[in-house]
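Before any comments, here is the structure.
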Amino acid sequence: MKLQGSYRNSVLVIVLIAFAICITSCSSAGANNQAEKTKLALTPPMGWNSWNVFQADIDEKTIKQTADAMVDSGMRDAGYTYLVLDDGWLAGKRDSEGNLTADPNKFPGGMKAIGDYIHSKGLKFGIYEDRGRMTCQQLPGSFKHEQADMTTFASWGVDYIKMDSCFAESNGRLSTEDYTIYRNCITKTGRPIVLSISDFGNGAWAWGGKDMAQLWRTSGDIYPWMGSVYHCAETSSGDRSIHPAFNGLWQFAGPGHWNDPDMLQVGNLKRGNDIQNKAHFSLWCILAAPLMAGNDLRTMSDEVRDILTAPEVIKVNQDPRGIQGYKVYDNGDHEIYNKPLQDGTTAVLLLNKGPKPADITVTWDKIGLSGSQKVRDLWARKDLGRYKDSYTAGNLPQHGLMLIKVGSTGHPLPAPEPVPDDKYMVTKTGLTYLSDLYYIWKKGNVPVSDKNYNSNPITIDGVKHKKGLGCRGNCRIMYKLNNKAERFKAVVGLDDSYDGDGTGRFRAYNEDFFGNRVLFDSGKMNKDSAPKNIDIDVREVNCLLLVFEGDKVFGNWADAHATWPIK
Ligand code: GAL
C-alpha cells in the first residue's frame, strides 16, 4: 500500500522525533560509560602507590613528602602522574552520616586536603577502596555504599580508584555486576576517574573488565624478589593464567584497557641491584604494563631513579599504538619479546633469566623484518649501528638484558594475529566440547583434553568417554561460553584408574568465585561414588568456571559440552 504524501511526511517526522528522543534520553549509562571510559589511560597509567613499600603504614607527612619527591626527583616529569594511597588511609568506621572518612590520627587534615596538595604539585590523586564490606586491612569497604563513596571520592578530587576484592565473595554479585555498578557510579559523578580492578587476576580480561575499567590485575600480589617479579610477568606474558596458544594476554590489552601484572618493586628488590631492577622495569615496559612505582621515593638512590626515569625505556611502555609486547622466543631461561611501535620501528627485549651467562640472538624474521636494520640500545641511549639478519646480545649474566629498538621509521610493522574467537568461545550452533576450546583462565593444574590425567582414556564406572577433561588435584579452569550456550552437560566422577582413598569435588560457577554463583556441586565423591550427570541452564553465563578439588585424586569432566539450539 502506498502512503499519501502528507501522511507519509508526518510518519517520517514522527519517526525522526522518536529517533532523536531515543538518542538523547535512551542513550544508556552503558554508552555514556563507554565514551567516558575510553578517553582515559590511552597509554598505561604511570604513578606511585604506597602499598609495596609502606603497606598500611601511611600518613599525611609521608604522602606529602612523597608528592614533593615525585616532583624533585624528576619522576613527575618522566610521566609518573598518579599518586595513589593504598589500603590504610581509612578510619575504622564511617562517620555518623555513613560517609567514608580518613583515619584522623594519620590524616588529621582529611583527604580533600591531601588531594589538594597532590594536585598543587601537578600530580593526580589516586585512592584505594574495596568492593566487599571491608578492605583487605579490614577497614570499611564500599559494598552497599557504592554511589555515596564514589561521590565522596569525586568531591575530594580523586582521579584514580584502585578497587580491591577482599571479602567480595559475600556480596552475592558477579565481578561483572560489581564493577559495572562502580563504572556507573563513577560516570554519575561526572568526574573522569580511572578505575583499576584489583581482583587478584581472576580473569577480568575474559569476562569483560575492558567495558568497566582501564586496567585489571592479572596476578596475585607481587613481592620484592625476582621469582615473584617473573611470576607476575608470566601471568600477563605467558601461560600462567591462560592457554599457551594465546602466547600471553597481549590480545586483550590496548589503549584504555591494560593488563596489570601488579605494581613495581623496582628499588625494593631484597638483593636489589641494578641488573634486577632493570630486568623488572624492562619487562613491565615491553608488556605495556601500568608503571606504578612502589619504592620510597624520598630515599631512593640515583641509580634507582635513573632506572625508573629512563626516557627511552618509558617511551616503549607509553607508545601510543598500545600493543602489549609478546614473546617470540622462550627456552625456559632465555626470552625474547617484541613490541611493534607506532613509528614503524619495534622494541625488542632479550632477557636471560637462567643462572648461566648466555648469548641471546634475535633474528629479524621473528620480528617482521629482514636485511640490514638499525639497532639502538634504549638503556644506553646509543645507536649500535646496522645489523644484517639478526642481533646478538653477548654474555648476558642472570637477569641480564638488552632492550633495543630495531628498524627505521615508516609504516607500522604488522601486529601479530590474535587467537580467533571460535578457538576459545562458543560461536556455533549445535554442540561444542569444552576440550576443543582453549581455556581463558586457569589456576592450578591444567586438565588433559580428551584423556584422563595419565593420558589414558577417560573411564568412569566402566564407561569409556572419548571427550572430556581429565583433572588431577586442584584444577580451576574457565571457558568462555559467550552467552551463546543454552545448556552445559557432562558426567563427573573419579577415574576408574584411581584406587586411593581420596575424595574429589566438582563445582561449576557462573564467572569467577566472587559471585559465588554455584551452578552445580557434586559434593565429595570417592572411588565408589556413582557418576553424576550435569545438565544445567547456562543461558546467562558468559564465562563458565569449572573447579575440581582433590588431593592427587583423578577426576573427570567427561563429555563436557555446551549446546546451543539449532534454529
Ligand atoms: C591486596 C592487593 C594489594 C594491596 C593490599 C591492601 O589485596 O592485591 O595490592 O592493595 O590488598 O590491603
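Whatever order the structure lists them in is the order used to number ligands and atoms, beginning at 1. Counting begins at 1 with the first residue of the sequence.
- With ring centers used as reference points, W89 lies under 6.0 Å from W156.
- Under the 3.5 Å distance criterion, the side-chain polar atoms of K106 are matched with a main-chain donor or acceptor of G88.
- Here the options are I161, L85, T135, the test is side chain to side chain contact (heavy atoms under 4.5 Å, CB included), and the partner is Y128; only T135 passes.
- Near ligand 1, heavy-atom contacts under 4.0 Å come from W51, D86, D87, Y128, C136, Q137, K162, D164, S198, F200, R217, D221, M263.
- The ring-ring contact (aromatic ring centres under 6.0 Å, His included) with H243 is formed by just one residue from the set Y479, W441, Y439; it is Y439.
- By the ring-ring contact (aromatic ring centres under 6.0 Å, His included) test, F107 pairs with no residue at all, sequence neighbours left out.
- Tested against N184 for a side chain to side chain contact (heavy atoms under 4.5 Å, CB included), the candidates I181, I186, T180 yield a single pass: T180.
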